[in-house]
Amino acid sequence: MSYKLRSICDRRTFAALKATKFSARRGSVRSLFACSGEEIGPKIAFGVSKKVGNSVERNRIRRRIRAAIVSNLDQFAPGSYLIIPGKGALNASFEDLKLDVCESMRRSSMKALGLESTNG
RNA sequence: UGAGUCGGCUAGGUGGCUGCGGUGCUCCAUUUAUUGGAGGCUGAGGAAGGUCGGGGCUCCAUAGGGCAGAGUGCUGGCUAACGGCCAGUCAGGGUGACCUGCAGGACAGUGCCACAGAAAGGAAACCGCCGAUGGCUUUUAGCACAGGUAAGGGUGAAAGGGUGCGGCAAGAGCGCACCAGCAUCAAAGGUGACUUUGAUGGCUUGGUAAACCCCACUCGGAGCAAGGCAAAAUUUGAGGUGGGCUGCCCGCCUAAUACUUCAUGGUAUGCCGCUUAGAUGGAUAGCCACCCAAAGAAAAUCCACAUUUUCUUGGACAGAACCCCGCCUACAGGCCGACUCACUUU
RNA sequence: UCGGGGGUGGUGUAAUUGGCAACACGGCAGGUUCUGGCCCUGUUAUUGAGGGUUCGAGUCCUUCCCCCCGAG
């Protein structure tokens, strides 16, 4: 493993994620992407609403998604990701959840990178 | 055997692979005081929850006393403190084990008691009863006028003790007996709330204080986003470098522009507060296998119950956030102990 | 971490000091009409949930659930 997965702890990055247009959805998982060009690898944050469940269920969803991301970390482009799971993420099987998370993250980052390449 | 009551305990376990937080521990590397890696150690609950009560801790306020406001409210003890706990008293519920109770004061005062009912509080005559006494008439009687009357009817959640005998025109604690209840006094038991017994008294003025209130006791306010330390940018102030008066120094003037030092203040941000779990976008996990609980289906023994085998599903409530003591609320299943009632057998 | 307000038919609001849960717009059914509208009649509620005080709770007390607002 070349480097560790980091979480976002910067207010400015969250503001950028709030304003971003690069979002994608697959299954019950939605992900947002923002990129300032300074990131070495992917950084993540979670937005788990209280409507999803109580604190035990919310924690469980977050842990499973984190495990899914860690298991194939090399796929993702460097940048900041905000992952917003829905209610289905709790009872989905681990393979399905992994697919949903990775696909949605990959697609949101591809949108951004594709846009940058057409511009410049 | 069945149905219950009370108290206590537990809150799945083992292994493998891949990972995470903390670390005043050890080693290595890097920079010189930080970062990274490896190892060791360690890493959620009985309620961590709700944030209802109290305390520690921190800052602010504070001569002393009172008013106002808020809270508590049977007795004794425990506690740092509490609206908590333990034991008891009383009241209510249950056949019983046992359970429940914000359980002071309604002769200090004020308010309210809808509808119904005559009357809802120091009473009252609607129906009824009587009409002794007085009155009238057709005078051993009648009228029901004055008036007497709370026994009976009816209303209501509630109608100012109950039963019986006497008494009376009819009645009435009007008189008496017993019972209930109140007040005072005395004795006995108890630390006390209170209980028991006896005597005396007048025959005895509802309910509501989770209505205002009275009485007794308690209470300064805010909360870890408390609070403290360091400290960009910006602000303000004081200098230095600069330009001019002169060739130089001192001195004076200038500051439109630029650089820079110190102080000011304490924002962004970081750290401390902070913990034998100690995060700060929040770690304590993900996946797999087996075992023990549990549920469902099928087959066999089989009237059924029950037992065995196989397969499938698959773990109650719920996640620390400064720390304690309580309360309240949520909770599948299992285990242990004490006790009660009913039935059966001996 | 604190403080304040609220929950009433399907929707929006009332209900004085505890005393018959009211109004409007809807929905449904019926009537009127050749048909529809207007109109008329009826119906549509365990006052967020549980427990208590009281003769009697939308109202008073208490424990939960949900929503909204404010302060740092």
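Quick caveat: nothing in here was measured; it's all calculated off a predicted structure. Protein chains get the first letters and strands the later ones, always in sequence-line order, with residue 1 at the start of each.
Here B:G286 presents its C1' atom at 17 Å from CG of A:L99, a figure rounded to the nearest Å. Spacing between atom NZ of A:K98 and atom C1' of B:U18 amounts to 11 Å, rounded to whole angstrom units. The CZ atom of A:R60 sits 12 Å away from the P atom of B:U284 (whole-angstrom rounding).
In this structure, B:C303 makes no Watson-Crick or G-U wobble pair, since no nucleotide meets both defining distances under 3.5 angstrom. Pairing for B:U95 is absent, with no Watson-Crick or G-U wobble pair whose two atom distances lie under 3.5 Å. When both distances must be under 3.5 Å, the Watson-Crick or G-U wobble mate of B:U139 does not exist. Under the Watson-Crick and G-U wobble criteria, each requiring two contacts below 3.5 Å, nucleotide B:A338 is paired to B:U5. Nucleotide B:A263: paired with B:U236 (Watson-Crick or G-U wobble, both distances less than 3.5 Å). When both pairing distances are held under 3.5 Å, B:C203 makes no Watson-Crick or G-U pair with any nucleotide shown. The pairing partner recorded for B:G84 is B:C78, the criterion being a Watson-Crick or G-U wobble arrangement whose two distances lie under 3.5 angstrom. Across all strands shown, the partner of B:U26 is B:A38, judged by Watson-Crick or G-U wobble contacts whose two distances both fall under 3.5 Å.
Atom name C1', nucleotides B:C182 and B:A211: the rounded distance is 27 Å, in whole Å. Taking atom C1' on both nucleotides, B:C85 is separated from B:C328 by 16 Å, rounded to a whole Å. Taking atom C1' on both B:A289 and B:U307, the two are 29 Å apart, rounded to the nearest angstrom. Remark: the separation of the C1' atoms in C:U54 and B:A157 is 10 Å, to the nearest Å. For the P atoms, the distance from C:G6 to C:U13 is 14 Å, rounded to whole Å. Rounded to the nearest Å, the gap between the C1' atom of B:A170 and that of B:U139 is 23 Å. Taking atom C1' in both B:G92 and B:G56, the straight-line distance is 42 Å, to the nearest Å. Taking atom C1' in both B:A321 and B:A279, the straight-line distance is 7 Å, to the nearest Å.
Close to B:C287, at under 4.0 Å from its OP1 or OP2, lies a side-chain N or O of A:R64. Listed pair A:R66 / B:G282 meets the phosphate criterion, a side-chain N or O lying under 4.0 Å from OP1 or OP2.
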Sort me out a list of protein N/O and nucleotides 316-320 of chain B N/O pairs below 3.5 Å, or just none if empty.
unit_1, atom_1, unit_2, atom_2, d
B:G319, OP2, A:S55, OG, 2.7
B:G319, O5', A:S55, OG, 2.9

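Syn is the glycosidic conformation of B:G173, whose angle stays within 90° of 0. Classified by its glycosidic torsion, B:U32 falls in the syn category, the angle being within 90° of 0. The glycosidic torsion of B:G228 lies more than 90° away from 0, placing the base in the anti range. Taking the O4'-C1'-N9-C4 or O4'-C1'-N1-C2 dihedral as appropriate, B:A44 has a value within 90° of 0 and is therefore syn.
For the side chain to side chain contact (heavy atoms under 4.5 Å, CB included) criterion with A:C102, the lone passing option out of A:R106, A:M105, A:K98 is A:K98.
Every residue meeting the side-chain hydrogen bond (donor to acceptor under 3.5 Å, both in side chains) condition with A:S108, not counting sequence neighbours, appears here in chain and number order: A:S31.
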Worksheet item: So what does the secondary structure string of RNA chain C come out as, 5' to 3', with Watson-Crick or wobble pairs under 3.5 angstrom, [ ] for crossing and | for pairs with another strand?
Response: (((((((..((((.....[..))))((((((.......))))))...(((((..]....)))))))))))).

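Taking both residues in full, the closest heavy atoms of A:R107 and A:R25 are given as NH2-O, 3.7 Å, listed atom of the first, atom of the second, then distance.
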